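For reference, the structure is listed below as structure tokens.
Below, chain A is the first sequence line, B the second, and so on; all start at residue 1. Just so it is clear, the model here is predicted, and its values are computed rather than measured.
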Amino acid sequence: MTCSRRDFLKEAVGGTLASALPLSAFVFITTDEAKAAIEDSKVRWAFLVDTTKCVGCGLCVKACKTENEIPYDAAVTRTWVERYVITKDGETHIDSPMGGRDGYTTDLIRDEEIDPEEIDKAFFVPKLCNQCDNPACVQVCPVGATYQTNDGIVLVDRDWCIGCGYCIMACPYGVRFFHPEHKVADKCNFCYHRISKGMQPACVECCSFGARRIANLRDPDDPVTKIITTERVAVLKDEYGTKPHVFYIGLDANVR
Amino acid sequence: MKWHVLRPLWVAIGLVASILVARMFLVPDDFGVHGENFTYGYHRLSNVQEWKDFPVKYQGRESCEECHEENLTALNGSTHQTVECENCHGPSIDHPDPNEFLPLDKERSLCLRCHAFLEYPNSNRGELVSITDRTHKRRYECVKCHNPHDPKEYYE
Amino acid sequence: MPEEIIVHGMEWTIKELFVYPNEYIYWSIQIVMYPYMTGLVAGAFVLSSLYHVFGQKELKEIAQFSLVFSLALLPVAAMPLLLHLQQPTRAMEPLLTPHFTSAIAAFGIVFTTYALIVLSEIWFVYREYFVAQVHALKDQPGLSNAMTRMVYRVLTIGAYDVSADALRVDKKAATILAAIGIPVACFLHGYAGFIFGSVKANALWMSPLMPVIFIMSAVVSGIALCMFTYIVIMEWQAFWRRRRGSAEEASEIKGAEIETINKATRYLLGFLIAAISLEMLDLIFRGYTAMKSWDILRSVMYGKDFVNIFVLQYTLGNLVPFVLLILPGRTLKRTVLALLLVLFGVFMMRWNVVIGGQAFSLSFSGYMHYEIPIIPHSLETFKEGLFGALTVIATPFVLFWVINKFVPSLRRDVQGS
């Protein structure tokens with residue numbers, strides 16, 4: 001007897017559905033974990049950068065590399081400082097040699113001399129991971145190797161990352177990179193190992209000018225939170241909808 | 001009904017089943033959605049503690065103060081009072097055990113980070129005391145003449 | 001001066017003006033190869049389905065061939081990814097813990113589904129042949145015959161019924177699979193386009209047109225490759241038969257069938273027009289709306305990448321083959337040239353999207369120039385260099401040769417359904 005088309009289709013659809021059921025086992029939530037996460041976390045980390053205070057000494061970059069074991073001579077860094085020099089002809093000169101690791105001790109920008117008389121304004125902008133509320137990098141990870149903790153920090157699981165680089169391409173701020181030794185994705189995590197113990201991130205600790213500060217947005221008594229909520233602050237690249245949590249005082253229109 | 005027509009389907013189901021079995025062994029048990037949603041919370045839970053356990057290197061000024069009070073007395077009244085000890089002395093980690101001495105960076109390049117002259121108007125940098133490296137005592141370390149714990153003090 | 005540590009991407013990236021410190025060309029030649037190979041897979045399958053589903057009789061021969069070639073291309077589609085991953089030993093993870101919000105996670109599921117469909121369809125088409133071989137090799141002496149017979153026994157999956165009814169069912173199943181396979185093949189490649197189109201951080205990639213452009217050009221490349229390989233193989237076989245004077249019948253001397261080529265060409269042109277139109281639309285929209293990124297995009301497209309985009313891709317890769325195929329008096333030689341140019345054009349499209357998207361910095365204030373490693377001096381410069389790409393290109397032909405020994409896709413007398 002031949003198989004009728006209806007029978008065949010029935011079997012095929014049935015078989016497909018049957019095999020799809022186990023696929024739903026890919027995702028599961030443990031009730032305890034879900035409860036703990038959904039209940040309001042007492043902490044939501046944020047950062048405040050005051051560009052009017054930054055002098056471009058680069059000690060933050062050096063401290064970050066030391067604290068977080070990013071090879072000192074590798075041309076990647078979890079945080080960096082950019083220099084902006086805007087001249088009277090409307091040109092914006094920007095540089096960040098090795099991320100500002102050695103500070104800025106020369107006024108040459110990529111071997112180009114800029115006449116000080118021609119400078120309208122010049123300043124330094126520290127940058128780091130924004131620990132976004134809608135992190136595009138987490139959304140695109142194919143294997144769940146990067147994720148957001150309930151206090152807002154985005155972390156990378158070094159033992160699970162496959163090194164595809166999708167998260168690096170998805171970050172609009174360019175904060176991610178491949179760790180040259182671990183060969184997985186890496187990025188600033190606000191020194192999670194320090195802030196979880198009540199310490200400050202290494203870059204905050206070492207900044208002599210108070211240009212970098214960390215805040216807990218859920219703590220109304222946090223002085224930095226008060227600045228973020230009551231004074232005029234800005235964020236980088238707000239148009240991407242990532243809801244970044246690094247706030248800037250004195251963020252110039254020329255900053256990229 | 002020609003049942004042979006379903007054989008490829010059994011092969012397919014067998015393949016999916018073997019992936020699910022492999023998953024039982026290869027995927028850690030605590031892997032799942034821990035957090036608000038699948039989009040941002042899908043991960044291996046034990047990784048969070050792994051990051052919290054990452055070793056701390058910089059201990060901060062308070063820990064230096066426990067033993068080195070007299071250095072800090074000078075520093076606290078000086079123009080360098082906001083400069084962290086470990087910026088120049090390096091991370092203390094578990095000092096004094098096992099590292100009894102911290103590597104002291106006396107290079108000019110360290111001081112020049114802040115004190116190299118950059119003619120930038122309306123920038124905090126422009127307000128720092130600064131020198132032009134090329135023309136200021138090139139052969140010497142800065143600390144030969146300047147006391148880093150009290151920069152206004154000169155050695156002759 | 002302490003030596004700089006090699007960071008992934010550094011060896012083939014040259015930065016110009018201001019580029020963020022962590023920015024390098026992370027997605028290099030292998031990520032160009034990947035959509036190119038999946039595109040060939042999808043295109044080959046669609047070509048095969050034009051016969052199996054839509055009954056385009058003139059395409060029968062090339063359809064058989066392109067179905068099997070699609071299978072040979074499939075593992076090669078995964079090769080560039082394995083060569084690119086920084087942790088290739090973890091390559092199974094997208095199948096084990098797929099994070100479905102990521103387009104790349106779809107890869108594991110779609111790829112596996114598509115592989116099963118192609119394998120199943122080939123099984124239904126050639127099952128009669130496998131059973132015949134099992135019987136034919138039954139009492140043949142020799143180890144190689146016994147091993148070959150074992151392979152055929154496995155290939156039958158124990159289904160030995162070759163009655164007229166059973167074969168009719170086989171044909172119907174193959175048709176259904178060919179039909180289901182079309183959207184799956186489109187999905188296999190459409191999602192590759194989605195991988196790029198959904199990256200809002202990249203000003204060049206971010207576009208809803210990206211998946212559609214990718215699918216259209218994928219089908220173009222698939223048809224072109226199958227036509228090209230088919231012509232080459234058929235003409236080569238005919239050439240040797242004429243040389244040896246072994247063929248008696250006129251039909252055995254003929255190489256590629258004219259009707260087949262003409263029909264396939266019509267489809268090729270259709271998809272080519274669609275692909276070009278969409279790309280033009282994308283470009284015009286960008287220029288017209290002039291978003292923040294337009295300044296740097298324009299300087300990349302009309303400046304540094306002008307030759308890559310307008311000369312190599314649009315002119316040599318699209319316009320010239322289009323004219324060559326349309327002009328009357330089309331010869332086989334002219335067709336082959338046009339096909340090669342089309343293949344080149346689709347490759348340049350992938351290159352211009354992947355590499356072009358990384359030619360400018362996220363800061364919109366600097367550029368990154370890609371220098372593909374030619375002579376490898378390390379594992380990384382091999383994997384992500386010219387020789388890695390050549391390895392990927394060569395493999396489907398090797399695989400096809402092996403598969404073809406058991407699944408004869410070119411013999412006119414073994415045509416299955």
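- For R113(B) (side chain) and G58(A) (main-chain N/O), a donor-acceptor pair under 3.5 Å exists by modelled atom type.
- Top candidate by heavy-atom pairs under 4.5 Å with chain B, chosen from N68(A), I195(A), T149(A), is N68(A).
- With a 4.5 angstrom heavy-atom cutoff, L110(B) touches chain A only via side-chain atoms.
- Closest of all the heavy-atom pairs between D133(A) and Y40(B) is O-CE1, 3.9 Å.
- Evaluation of the ring-ring contact (aromatic ring centres under 6.0 Å, His included) test over residues 45-76 of chain B, restricted to residues two or more places apart or in two chains, returns H193(A)-F54(B), W51(B)-F54(B).
- Contact tally against chain B (heavy-atom pairs below 4.5 Å) for I153(A), L59(A), T52(A), T51(A): the top residue is L59(A).
- Most heavy-atom pairs under 4.5 Å with chain A, from the set R61(B), E119(B), H115(B): that is E119(B).
- Sorted pairs that involve residues 69-111 of chain B and meet ring-ring contact (aromatic ring centres under 6.0 Å, His included), not counting sequence neighbours, are lacking altogether.
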Handout entry: Intermediate values then yes/no, side-chain contact (heavy atoms from CB on, under 4.5 Å), K57(B) and E69(A)
Key = CA-CA 10 Å; K57(B) 323 289 188 299; E69(A) 296 172 25; 3.0 Å; yes
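- Within residues 128-139 of chain B, the residues having any heavy atom closer than 4.5 Å to a heavy atom of chain A are L128(B), listed by residue number.
- Among L118(B), N122(B), L112(B), the residue with the largest count of heavy-atom pairs under 4.5 Å with chain A is L118(B).
- Scanning for salt bridge (Lys or Arg N to Asp or Glu O under 4.0 Å) contacts around R125(B) gives an empty result, with sequence neighbours left out.
- K121(A) places no side-chain N or O within 3.5 Å of a backbone atom of Y120(B) that could act as its donor or acceptor partner.
- Side-chain atoms of D157(A) never come within 3.5 Å of backbone atoms of N47(B) as a donor-acceptor pair (strictly under, hydrogens ignored).
- Heavy atoms of T146(A) lying under 4.5 Å from chain B belong exclusively to its backbone.
- With a threshold of 4.5 angstrom between heavy atoms, N134(A) approaches chain B through its backbone and through its side chain.
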